[in-house]
2 protein chains.
Amino acid sequence: MRPPTIRDVAERAGVSKSLVSLVLRGSDQVRPEKREAVLRAVRELGYRPNAAARSLSEQRTRTVGVLLHDLRNPWFVELLDGMNSLLHDNGLRMLLADARLNRRTGQDPAGSFLDLGVDGLVVVGTLPEATALGAVAERLPVVVAGAREPRLPGVDVVANDDVRGARLVTEHLIGLGHRRIAHIAGYGAVGELRRESFEATMRAHGLAEGAVVEPSDMTEEGGYRTTVRLLSRADRPTAVFAVNDIAAIGAVSAAEELGLHVPRDLSVVGYDNTSIARLRHVWLTTVDNAGHEVGRRAARCLLDRFEGRGGAGRTELAVPVLEVRGTTTGPPDVHVS
Amino acid sequence: MRPPTIRDVAERAGVSKSLVSLVLRGSDQVRPEKREAVLRAVRELGYRPNAAARSLSEQRTRTVGVLLHDLRNPWFVELLDGMNSLLHDNGLRMLLADARLNRRTGQDPAGSFLDLGVDGLVVVGTLPEATALGAVAERLPVVVAGAREPRLPGVDVVANDDVRGARLVTEHLIGLGHRRIAHIAGYGAVGELRRESFEATMRAHGLAEGAVVEPSDMTEEGGYRTTVRLLSRADRPTAVFAVNDIAAIGAVSAAEELGLHVPRDLSVVGYDNTSIARLRHVWLTTVDNAGHEVGRRAARCLLDRFEGRGGAGRTELAVPVLEVRGTTTGPPDVHVS
DNA sequence: GACACGCACTGGAACGGTCCAAAACAGGTC
DNA sequence: GACCTGTTTTGGACCGTTCCAGTGCGTGTC
């Protein structure tokens, strides 16, 4: 009644279990008729190799753990897609875990991955707390994807070029004629980089005076509240650049609630090009953070490390692209054209 | 250099590996000083039991596979949350896989779970194709959550009560005064149930004439196109009930694009109460499908089956709740009040 | 003092694979 | 027919756990 083992297959095919093992791992040192007999027995019994036994013996699981920041914010789906295709081509499977989900129940997903003996770990997004990643990184290859931290020895970081992306946004808005631009900032290295680049770009265009920065928690609620605050200032900005799409949606809502029309009265830009930004009803101007590419490169880094290549820990940046949609236009006073 | 094993711990603590095993599994047949010695050794070495070896020996993995329909549609997050808390309390971990993601690369995630030897499988949402679930269900407990199919012997189905939910929506719209109501239908058992309940409710209120049903593929694009079609009819409906939130968003966009104001000129209702529906900018009237509750109950079913309880395969329905937000109001001609 | 009985602990056989050294076989050469 | 060579096949050790059947030992009973 229990699933068949390699011994059952061997017995049925009239060979030793070693030969079955050879056939299944594609050796060419096997005579065709025996190979056929083995494959037939496999088919007839519906045999599937037991992954636990295999990994115990091989000392590897052919499995990569993926630790997600938060399943609710869907920007990582593209990234996973890119990563999965490359990993799958190399015979590896992906195991997903949501850091936030598990933190509520008090379990440590990185530790869980360690127990399972995954061959490598990919951290996607900025983790709420740096979950003792250093200790994990000493035991197995770790790659951070879609975030810029933590920077640890032997840990690769793959992300989009936040500095460049933020510059694209800022120059887009400046090019449209905006002079007073607010930035809804976020936390973590990603938040810092985008903010600094925004400020630098404004300065470079002689608009340091027109740059306003307000912090937020990178949620919709945060974007909303921050924007309400921004729009009740005397020198109200004519454009808002939010640290991510979700916060940008909050900004749009705040503007509408205060009777302002987007983009006529206020331009809004997000970051990440999530599926939400692509919804027609939202149609948010945003930055495509090259999720697919980042995912592929993260997988590449991991594969390199499996082969023993890859030293101290490099940083790879993919080129982001501005996606101009419906939430940006020139500022009110210039709009007369 | 390799991770410490139970033998290393035993040696360090000056006991046998069997005793270490006993201590770690919380036996009370161990003298306090030995227990202390073992725990100290565990701490000092940073020992973590090897899950592969354990599951090989125990013939169980303490792991549940979760097969998701599509990560892009985030309605399942609540469900996972509910499920995870209960599973975790029972010492089980969750493994996630996305059916769509994996189908692109041609791998069969259910099979992958079988190889890994998961103790049970939860299918979340309506799978694109009934991925040979029957064969899997013969080997291990399977529960379908958040969908109504496939119906297989020995497979439990846990979902919200779609009939009741659709009735809530329809009666809400009728109560607001709508007489011509369109339904953007979906596929699968869930789609059918919601459509039938919509039709039945309309009939029960003597409004069979005013009921319009158009099929869709349950995407935003589909909702958009279907609504454009609906709104160009001579007897344009005054309300649209979409099979899910995503399609509803498409409907809202279509209305806006045709110059109609939501909800003044057209009321729109979705289903699922996804995080997108809760965005202020969207603020969609929808049905909360009790994701958390469904998740908990699905976990319960699985746990029951692990204990040997649970026979032919029951169906459990959680009670959905209407969430009235900003996209519904009375029809244009009644709106004068 | 012999015996039975619990309690605390241990050795070794699983679990289902991989992998290596050695065995069996086949064919060619002298 | 003995010997060598290369291909095919096999037995058994090993991976890190759990679990079962003991072993040894202190205690209480007759």
Side-chain angles (χ1 to χ4, degrees), chain A residues 1-39 41-42 45-63 91 112 114-119 139-140, chain B residues 1-39 41-42 45-63 91 93 112 114-119 139:
Chain A
M1 203 62 283
R2 277 250 292 295
T5 76
I6 199 171
R7 280 167 235 267
D8 300 327
V9 174
E11 193 175 344
R12 176 155 200 135
V15 298
S16 72
K17 64 181 178 31
S18 306
L19 190 68
V20 177
S21 177
L22 279 179
V23 169
L24 291 178
R25 277 167 315 105
S27 163
D28 51 355
Q29 300 282 73
V30 178
R31 226 156 7 190
E33 63 262 33
K34 296 253 178 182
R35 177 193 310 283
E36 250 323 304
V38 168
L39 293 177
V42 166
L45 293 173
Y47 168 77
R48 312 199 56 125
N50 177 320
R54 175 175 283 179
S55 47
L56 184 58
S57 170
E58 270 191 314
Q59 300 286 80
R60 53 177 296 196
T61 50
R62 297 169 185 282
T63 297
S112 187
L114 260 188
D115 293 350
L116 286 170
V118 296
D119 296 340
R139 286 242 195 282
L140 43 84
Chain B
M1 204 61 280
R2 277 247 292 296
T5 76
I6 199 171
R7 277 170 237 269
D8 300 328
V9 175
E11 193 175 345
R12 177 155 199 137
V15 299
S16 73
K17 63 180 178 32
S18 306
L19 189 68
V20 176
S21 179
L22 279 179
V23 170
L24 292 179
R25 278 167 314 104
S27 162
D28 51 355
Q29 303 282 72
V30 177
R31 225 157 5 191
E33 65 261 32
K34 295 251 178 182
R35 177 194 310 282
E36 250 323 303
V38 169
L39 292 178
V42 164
L45 292 173
Y47 166 77
R48 314 200 55 125
N50 178 320
R54 174 174 284 179
S55 46
L56 184 58
S57 174
E58 271 191 314
Q59 299 288 80
R60 54 178 296 198
T61 50
R62 296 167 186 282
T63 297
R93 62 168 72 85
S112 187
L114 260 187
D115 293 349
L116 286 171
V118 296
D119 296 340
R139 286 240 196 283

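Values reported hereafter were calculated over all heavy atoms of this structure, with side chains retained and with hydrogens, waters and symmetry mates removed. Below, chain A is the first sequence line, B the second, and so on; all start at residue 1. Just so we're clear, the structure is a prediction, and the values are computed from it rather than from any experiment.
- Proximity of residues 12-24 of chain B to DNA chain D (heavy atom under 4.0 angstrom from any strand atom) is restricted to B:Lys17, B:Ser18, B:Ser21.
- Taking B:Ala37 as the reference, B:Ala13 meet the side-chain contact (heavy atoms from CB on, under 4.5 Å) condition, with sequence neighbours excluded.
- Judged as a salt bridge (Lys or Arg N to Asp or Glu O under 4.0 Å), and not counting sequence neighbours, B:Arg93 has no contacts.
- In terms of the side-chain contact (heavy atoms from CB on, under 4.5 Å) criterion, residue partners of B:Leu24 (sequence neighbours excluded) are, by chain and number, B:Val20, B:Val42, B:Tyr47.
- For the salt bridge (Lys or Arg N to Asp or Glu O under 4.0 Å) test, no residue two or more places apart in sequence or in another chain qualifies with B:Asp8.
- Taking B:Arg62 as the reference, B:Glu58 meet the salt bridge (Lys or Arg N to Asp or Glu O under 4.0 Å) condition, with sequence neighbours excluded.
- Residues from residues 28-38 of chain B that place a heavy atom under 4.0 Å from any atom of DNA chain C, listed by number: B:Gln29, B:Val30, B:Arg31, B:Lys34.
- Applying the salt bridge (Lys or Arg N to Asp or Glu O under 4.0 Å) criterion to B:Arg7, with sequence neighbours excluded, gives no partner residue.
- In 5' to 3' order, the nucleotides of DNA chain D bounding all contacts with chain B (an atom under 4.0 Å from a heavy atom) are D:dG16 to D:dC19.
- Close approach of DNA chain C to chain A, defined as any atom under 4.0 Å from a non-hydrogen atom of the protein, starts and stops at C:dG16 to C:dC19.
- A side-chain hydrogen bond (donor to acceptor under 3.5 Å, both in side chains) check over residues 16-27 of chain A, counting only residues at least two apart or in different chains, returns the pairs A:Ser21-A:Arg25.
- At its two ends the helix from C:dG1-D:dC30 to C:dC30-D:dG1 runs along axes set 70° apart, each axis drawn from five pairs and the angle rounded to 10°.
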